[in-house]
Amino acid sequence: MVNYRGFSSHSKNSSIYFRRYSSPLSITYYIVILFALSIFIFTFYSKDILEDEDRKPPSITSGEKNSKIEQLHDDVLWEAPFSHGLHPCVKPSSRYKATQGWDRYMTVRSNGGLNQMRAGIADMVAVAHIMNATLVIPQLDKRSFWQDTSIFSDIFDEVHFIMTLQTDVRIVKELPKELESASRARKHFSSWSGVSYYEEMADLWKDYQVIHVAKSDSRLANNDLPFDIQRLRCRALYHALRFSPAIENLGKKLLERLRSRAERYIALHLRYEKDMLSFTGCTHGLTETEAEELRVMRINTNHWKIKNINATEQRIGGLCPLTPKEVGIFLQALGYPPSTLIYIAAGEIYGGSVHLSELTSRFPNIVFKEALASKGELQAFSHHASQSAALDYIISIESDVFIPSHSGNMARAVEGHRRFLGHRKTITPDRKGLVAIYDMLESGVLKDGSSSLSHLVMKLHRSRQGAPRKREGAPSGIKGRGRFRLEEPFYQNPFPECICGSNIQDDEDT
Ligand SMILES: *[C@@H]1O[C@H](CO)[C@@H](O)[C@H](O)[C@H]1NC(C)=O
Ligand SMILES: *[C@@H]1O[C@H](CO)[C@@H](O)[C@H](O)[C@H]1NC(C)=O
C-alpha cells in the first residue's frame with residue numbers, strides 16, 4: 001500500500017525506485033511473492049465455492065477470513081440485486097395537464113381481492129383522466145370469495161387519495177344528490193383497452209352525465225399507452241392509494257416487533273389456502289379425503305369454469321403452489337439457515353399445523369400476524385380479509401426478501417412495488433423446474449440436504465431475484481387480443497416508465 005502510493009505520487013523518484021529493486025534477485029523475489037499471492041487468492045475463492053456447494057458453516061483458521069466469507073454468504077442471501085442509480089420516477093411531462101371534467105361522473109365497482117382492486121382503482125384513475133371525468137370514490141367488492149364488507153375508507157386513506165391526485169383528476173366522495181336518480185350508462189369496458197378505445201367511449205358524455213363501470217380489473221392495456229398515462233398509474237398506485245391510518249399504524253407496529261426479533265426476515269406469501277388448492281386442482285402431498293374436499297368445493301363454485309383437473313399434469317406444468325414442505329426444501333437449498341425469521345403473509349393455511357409442520361420442522365422461527373399482534377389489535381381485522389391482506393402487503397413490501405409460493409395478484413403487486421422502490425430482493429420460484437428437482441428427491445436420485453440439490457436449486461434461481469429488467473411483452477408469435485393476457489402486467493414491473501436511471505431529467509426528488 002505504502003509502496004504503491006510512493007510509486008505513483010512521487011513519479012520523479014519512480015525510476016530510482018524501480019532500479020533499486022530490479023536486480024535479478026529481486027525479480028525472483030517478486031515472482032515468489034506473486035506466486036504466493038495467487039495461491040492465497042485461489043484457496044480463498046475455492047473455499048467460497050466449497051461453501052456454496054457444501055453449505056457447512058465456515059470452519060477453521062483466522063477469524064477475519066471467516067467473517068469475510070460469512071459476509072459474502074450473507075450478501076448472497078440478503079442483499080438486493082444490483083440496480084445502480086435506478087430510482088422511482090412518477091412526475092408527468094411538461095405537456096401534461098390535469099383534467100377537471102367537473103360535470104361528468106364516473107362511478108366504479110371494483111372487483112376481486114385487495115390487490116386486484118388496487119390495480120383496478122389505479123387504472124380507473126387513468127381512465128377517468130383519459131375520459132375527462134370526475135371519479136367517484138370506487139365501491140369495493142363485497143361478493144368475491146373474500147367476503148369483505150369494508151368500504152373504501154376502511155382500507156384506504158380517502159382524503160390522501162383525493163388530495164394526492166388533485167392535479168390529475170377530480171375525485172369526489174359521492175355522486176352529487178341531484179345525479180343519483182339520473183340515468184347512467186352502465187359499461188363493461190373491454191379488457192386491456194388502449195387510449196383510443198376510451199376516447200371513443202367519451203362519446204357517451206353526449207347522452208349521459210354518469211357512466212357506471214361494472215368491473216375494474218384489467219380494463220387498461222399494459223403497454224403502448226402514453227408515457228403520462230403510465231406515470232399517472234404509478235402515482236395512483238404507489239403514492240395515492242395509501243392504506244388507512246388504522247392499517248398503516250398497526251402495520252408499523254408489527255414491523256417493529258418483527259425487527260426486534262431478528263435483524264432480517266423473509267416474507268413468505270404461502271399461498272397454500274383452500275380456495276387456491278381447490279381452484280388449481282393441486283393435491284400433491286394431500287390425503288384422499290382432503291383431495292375430495294377440494295374437488296367438491298371446485299364443483300360447487302359456479303364461477304370456476306374448469307372442473308376436471310389432472311393434479312399430476314398441473315404439478316408437472318408448474319401450475320401448483322409450492323407445498324409447505326417444498327418451500328422448506330427450497331429455502332434450505334438456497335442456503336437460508338434454520339434460524340431465519342420467516343413471516344407468513346397469507347390467510348389460513350390449508351390443513352393447519354399438520355401441513356405447516358413440514359415447513360416448521362426445517363424453519364422453526366416462523367411467525368404469523370396472530371403471533372405479532374394482540375387479539376385486541378387484530379379484532380378490527382377479523383372477518384375483513386382485505387384489511388388483513390393489507391397488513392400482509394405492508395410487511396411483504398418492507399421485508400428483506402420476499403418469496404411467493406405461487407403466482408397471483410398479491411405476488412405480482414408486491415414484486416412490482418418492490419421493483420419500484422429500489423429492486424428489493426424478490427425470489428420467484430421456478431415451480432416447473434423445482435417440481436422436476438423434487439421428483440428426483442422422491443425417486444432417490446438426489447438426496448435431501450445434499451450439495452448437489454443446493455447447487456441445482458441455486459442455479460435455477462440465479463436470475464430470478466428481482467434484478468432490474470424491462471417489462472416483458474407477450475411471447476412472440478401470439479397474435480390478436482390473446483397476447484394481452486400473456487404480457488407481463490404493468491404493475492408487476494413498471495420499468496421503464498416509472499423506474500429511471502440517473503441520467504433521466506424529469507424524475508422526482510423523493
Ligand atoms: C373536460 O370537461 C369540461 C366540463 O366538465 C370541459 O369544459 C372541458 O372542455 C373538457 N376538456 C376536454 C379536453 O374535453
Ligand atoms: C393424469 O396425468 C398423468 C400424466 O399425464 C397420467 O399418467 C394419469 O393417468 C392421469 N390421471 C388421470 C386420472 O387421468
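From a predicted model like this one, the values you see are computed outputs, not experimental measurements. Start at 1 and go down the list; that is how both ligands and their atoms are numbered. Computed over heavy atoms, backbone and side chain alike; hydrogens, waters and symmetry mates excluded.
- Atom CD of Glu174 has 12 or fewer neighbouring heavy atoms from other residues, nucleotides or ligands inside a 6.0 Å radius.
- Any N or O atom pair closer than 3.5 Å counts here, and Thr312 shares no such pair with ligand 2.
- The number of heavy-atom neighbours closer than 6.0 Å to OH of Tyr208, taken from other residues, nucleotides and ligands shown, is 12 or below.
- The sulfur atoms (SG) of Cys282 and Cys320 lie less than 2.5 Å from each other.
- Using a distance-only test at 3.5 Å, with no hydrogens or angles considered, a donor-acceptor pair links the side chain of Arg231 to the main chain of Lys91.
- Classification of Lys459 and Asp430 as a salt-bridged pair fails, no side-chain N sitting under 4.0 Å from a carboxylate O.
- In this structure the side chain of Arg170 reaches within 4.5 angstrom of the side chain of Tyr105, judged on heavy atoms.
- Using a heavy-atom distance under 4.0 Å as the criterion, the protein contacts of ligand 1 are Gly101, Trp102, Asp103, Arg104, Asn132.
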